[in-house]
Amino acid sequence: MQGGILKYKVALHKSDEGYSVSVPGLPGCWSQGATEDEAIANIETAIREYLEVVDDL
């Protein structure tokens with residue numbers, strides 16, 4: 001991925017264990033965190049890694 005900022009909608013779900021978050025536009029891209037902020041930070045990393053793999057393919 002070169003330059004630019006991409007925005008993706010995420011689905012954030014609260015559970016007894018914390019938060020899970022997925023990206024409907026990127027099948028299989030999900031993460032979790034103990035807090036909402038941690039889950040969002042983790043999904044940002046997951047999106048970057050997902051897109052790197054897609055770019056490599």
Side-chain angles (χ1 to χ4, degrees):
M1 184 176 70
Q2 294 186 7
I5 295 175
L6 300 176
K7 293 185 179 184
Y8 289 93
K9 290 186 179 185
V10 298
L12 185 67
H13 301 280
K14 187 174 184 347
S15 69
D16 292 339
E17 294 83 30
Y19 292 84
S20 65
V21 61
S22 62
V23 184
L26 302 175
C29 186
W30 67 274
S31 193
Q32 59 189 14
T35 65
E36 186 174 333
D37 288 340
E38 182 181 352
I40 295 298
N42 290 342
I43 199 64
E44 289 173 353
T45 300
I47 290 169
R48 279 193 298 276
E49 292 174 358
Y50 184 104
L51 294 175
E52 286 175 7
V53 170
V54 169
D55 192 44
D56 288 346
L57 297 176

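Predicted, not measured: the structure shown is a model, and the values here were computed from it. Counting from 1, the numbers follow the sequence of the chain as shown.
With rounding to the nearest 0.5 Å, the separation of CD1 in Ile43 from CZ in Arg48 is 10.5 Å. To the nearest 0.5 Å, atoms CG (Leu51) and CG (Leu6) are separated by 6.5 Å.
At most 12 heavy atoms of other shown residues, nucleotides or ligands fall within 6.0 angstrom of atom CG in Asp16.
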Can you list, pair by pair, the side-chain donor-acceptor contacts under 3.5 Å of residues 17-40, counting residues two or more places apart and other chains?
from: Glu17; atom 1: OE1; to: Ser15; atom 2: OG; distance (Å): 3.4
from: Thr35; atom 1: OG1; to: Glu38; atom 2: N; distance (Å): 3.0
from: Glu38; atom 1: OE1; to: Ala34; atom 2: N; distance (Å): 3.1

